[in-house]
Every structure is written in structure tokens, then in C-alpha cells.
Amino acid sequence: MALHVMDEANRCLGCKNPQCQKGCPINTPIPEVIRLLKENELDKAGRLLFENNPLTTVCSLICNHEKQCEGHCILGKKGAPVHFSVIEHYISSTYASKMTKGPAPSNGIKVAIVGSGPAGITIAILLARKGYQVTIFEGKDKIGGVLRYGIPEYRLPKTVLDDIQYRHLEMKGIKIRPNTRIGSAIGVDDLFRDGYKAIFIGTGVWKANTLGIKGESFGNVHYGIDYLNNPDVYKLGQKVIVIGAGNAAMDVARTALRHGTRELTCFSLSKTVAASEYEYSYAKLEGVKFEFNKKPVEILDEGVIFRDLIEYEDGTYTEIVGSDKLYPADSVIVSISQGPQSTIVRTTTGLNTNEKGLLTVDEMGRTSRPGIFASGDVVNGARTVVEAVAYSKQVAEAMDEYIQNSLQ
């Protein structure tokens with residue numbers, strides 16, 4: 001491993017105008033990190049990674065590197081780019097075990113974080129570094145949000161999240177209330193009543209988007225986000241259809257194959273897949289089949305009826321009359337993205353949302369109600385983890401500014 005990592009590091013040109021860094025949504029100082037590693041300053045390199053991105057151990061594993069840092073590497077124009085994902089994972093996972101620093105001196109000010117996905121974890125860590133007394137309210141039994149309950153184990157081991165909870169949350173004095181859904185027994189107004197000076201909402205998007213076709217309520221139909229939450233409890237059978245072709249659909253397909261499905265086909269409305277080339281190539285390698293330009297018309301007990309589509313250059317479609325065909329399957333999984341739950345909005349006055357139910361905020365994450373901030377998927381819809389972290393860094397600064405101004 002060390003030889004491979006150093007081989008990759010030594011390939012770096014150390015560009016004065018690093019395109020790799022520009023391609024990273026969180027602007028990771030890649031050339032500086034690599035320089036420190038080559039000078040045997042691994043701890044300094046690790047510290048730099050974590051200071052810039054509290055979820056560097058996660059991002060090193062699940063980022064869309066081919067379109068971000070590695071996709072912008074100058075060496076990739078004529079050959080293979082420097083695989084910074086390998087370097088970042090080695091440095092961050094090695095340095096993580098050395099992080100033993102306790103909490104910062106407390107400033108006595110309470111802040112509430114609702115939801116412990118990428119955005120919530122990031123803001124909790126950044127505000128704890130400033131001395132705030134942070135409490136995370138998590139609706140499920142463990143922290144992580146989509147990282148734990150929406151990304152398969154083979155892509156992101158749960159031990160990575162457990163380490164984040166121990167080293168970055170518990171050791172920093174951050175309190176965690178699991179199985180606590182804000183908007184139920186405890187509401188936003190209760191948090192303000194109890195002295196929390198600012199509240200962050202990062203509840204993600206957990207409500208599955210539906211097809212709205214006949215048969216969707218049948219017992220052989222499931223939703224991708226629910227399946228990934230706990231695939232062990234599902235009995236899908238030997239033959240499975242996945243409707244959808246994004247990255248989440250690839251996760252569903254590859255997970256189902258690992259849980260005993262023998263034949264799996266993903267169906268896409270368009271002539272291509274929405275998933276990254278990386279995820280698509282691995283799905284094909286593992287035996288996932290694909291059907292393109294197919295529209296689901298009706299779900300039956302024995303499978304799905306699809307209709308052929310003609311796709312034009314402008315992105316419009318025409319259905320081919322008479323092309324309906326039954327594709328047999330034991331189970332059907334619908335994986336066409338997700339939307340937000342409405343619990344907090346329904347129980348909190350003064351929070352505005354858009355037509356999709358997503359919270360509306362300004363460029364710094366301020367919602368329509370003073371003192372409440374939001375970022376991540378509950379604002380932008382399902383996006384990448386690193387984008388959530390990058391935006392949340394700005395929101396953390398805005399929350400700090402708001403609190404300090406309110407004390408004057």
C-alpha cells in the first residue's frame with residue numbers, strides 16, 4: 001500500500017495552478033498535501049486534510065473523483081491522472097487514529113443540530129471547534145444519515161462512521177440524542193425555549209419519489225432508499241428489476257446481488273445512465289444488465305410492463321404505441337431519487353419551502369426564520385457528500401456570526 005501511495009504521489013507535477021484543487025468542490029489543497037507526504041510529514045498532511053474537510057475519510061472513499069479532483073488532473077488529458085483518492089484515504093485513515101485532542105474550551109452557548117448526515121456532522125464539528133456546546137438530534141439509532149443508511153457497506157464501511165462519532169463528536173464534547181425526531185415529542189420552539197441560540201436543520205431527503213403507476217402498492221414493490229436502509233430484511237427473490245439508473249440505483253443493484261439476487265436489470269428512461277461511469281462500470285462488471293429508453297406503465301405480481309420510447313436530441317420523448325411488454329421479476333425496486341420529509345415544516349411556524357418541499361435559504365444557509373439555518377440535501381435535494389460539506393462550512397460561519405451578533 002505505502003509503495004503504491006508513494007508511486008501515485010511521485011507522479012504529481014505539483015502544478016502552480018492546480019486544476020485538481022479547482023475541480024474539488026471543497027477546494028482540498030491537493031498539491032500541498034502531496035508535498036507534505038513526500039517529505040515524510042504524514043501527520044501534517046492529515047491535519048491539513050481534516051482542517052479543510054472534517055469528512056475527509058468519507059470523501060476519500062465515495063467522492064466522484066473521476067469528475068472532480070482526478071477528472072481535472074492535467075496528467076489525465078493524455079494518460080492516467082494522479083489517483084488522489086488513494087492518497088487521501090491512506091493519509092486520512094492513518095492520521096485519524098492519532099486524533100486524541102479533547103473539546104475546545106466551552107463558551108457556554110448551546111447550538112442544536114437536527115440530523116447527523118454529512119451537513120449536520122460537519123457543522124457540529126466546526127462549531128464545537130469554536131467552543132459551542134453542540135447537541136445533535138438524530139431520528140435514527142446511529143449517526144451518519146445517508147452515509148450510514150443510504151450508502152452500502154462495501155462502499156463505505158460503518159467503522160469509518162463509528163470512528164467519526166468517537167473521535168470527532170464524542171471526544172469533542174458533542175452530545176448525541178439518538179431516536180429523537182424533532183417535530184414529534186420535541187419541536188423547534190422547545191429548543192429555543194431551552195436556550196439553544198441557533199438551530200441547524202440537516203434532515204436530508206428520505207421520502208422516496210414514486211412512479212404514480214398502477215400496481216405500485218403491491219407487496220413485491222419496494223423503494224431504493226428504504227431498501228438501502230436495511231437490505232437484510234428484504235426477500236427479493238432470484239430475479240429483480242430496478243427502475244432507475246442513477247448512482248443510488250447502482251447501489252441498490254449491487255447490494256441486491258450481494259444479498260442473493262441472481263438476475264438483476266436496471267431500466268432507464270433515457271438512452272444512457274445517470275450514474276457516474278465508475279459506478280456504472282462496476283455494476284456491469286458485477287453482472288447488472290441494462291435496458292434503455294423504457295417507460296414503466298404498470299406493475300404486476302409477475303413483473304413490470306414497459307413501453308419503448310424514442311428519445312430526440314432535445315431530450316424529449318415519444319412513446320411507441322403497441323410496444324408494451326411484460327418483463328418478469330420476483331421483486332421491483334423503484335430508485336428515482338427522493339424528497340424531504342415534512343415533519344419539521346408542519347410543526348414549525350415561519351419556515352418557507354419551495355414547490356418540492358425543500359427548505360428555502362439564502363447563500364449562507366439562513367432560512368426564513370431567524371436563528372434557523374439549513375444546508376445539505378434538505379435544501380438542495382439529493383447531491384454529493386462533498387458538496388454538502390463544502391456548503392456547510394459557509395453555513396457554520398454564518399451561524400457563528402449570527403450568534404455573536406445576537407449577544408451584543
note = One should read off an interatomic distance between Asp377 CG and Glu387 CD, to the nearest 0.5 angstrom, of 9.5 Å
message = Could you check whether any side-chain heavy atom of Ser93 comes within less than 4.5 Å of a side-chain heavy atom of Glu88, counting everything from C-beta outward?
response = no
task = State, yes or no, whether a side-chain contact exists between Tyr227 and Ser335 at a heavy-atom distance under 4.5 Å.
result = no
ask   = After noting the C-alpha distance and the side-chain angles of Phe267 and Phe290, does the key distance pass the ring-ring contact (aromatic ring centres under 6.0 Å, His included) rule?
value = CA-CA 6 Å; Phe267 285 76; Phe290 290 87; 9.7 Å; no
key: Donor-acceptor side-chain pairing of Glu70 and Ser85 below 3.5 angstrom   = yes
task = Run the numbers on His4 and Tyr90 for ring-ring contact (aromatic ring centres under 6.0 Å, His included), then give the verdict.
result = CA-CA 10 Å; His4 177 49; Tyr90 174 73; over 10 Å; no
Checking [X] side chain against [Y] main chain: does a donor-acceptor pair fall under 3.5 Å?
| X | Y | answer |
| --- | --- | --- |
| Arg11 | Pro81 | yes |
| Thr94 | Ile91 | no |
| Glu263 | Val240 | no |

Is it the case that [X] places NZ or CZ above or below the six-membered ring of [Y], under 6.0 angstrom from the centre and within 45 degrees of the axis?
| X | Y | value |
| --- | --- | --- |
| Lys284 | Tyr280 | yes |
| Arg258 | Tyr154 | yes |
| Lys140 | Tyr149 | yes |

Electrostatic pair [X]:[Y] at N-O distance under 4.0 angstrom:
| X | Y | answer |
| --- | --- | --- |
| Arg254 | Glu279 | yes |
| Lys294 | Asp324 | no |
| Asp189 | Arg369 | yes |

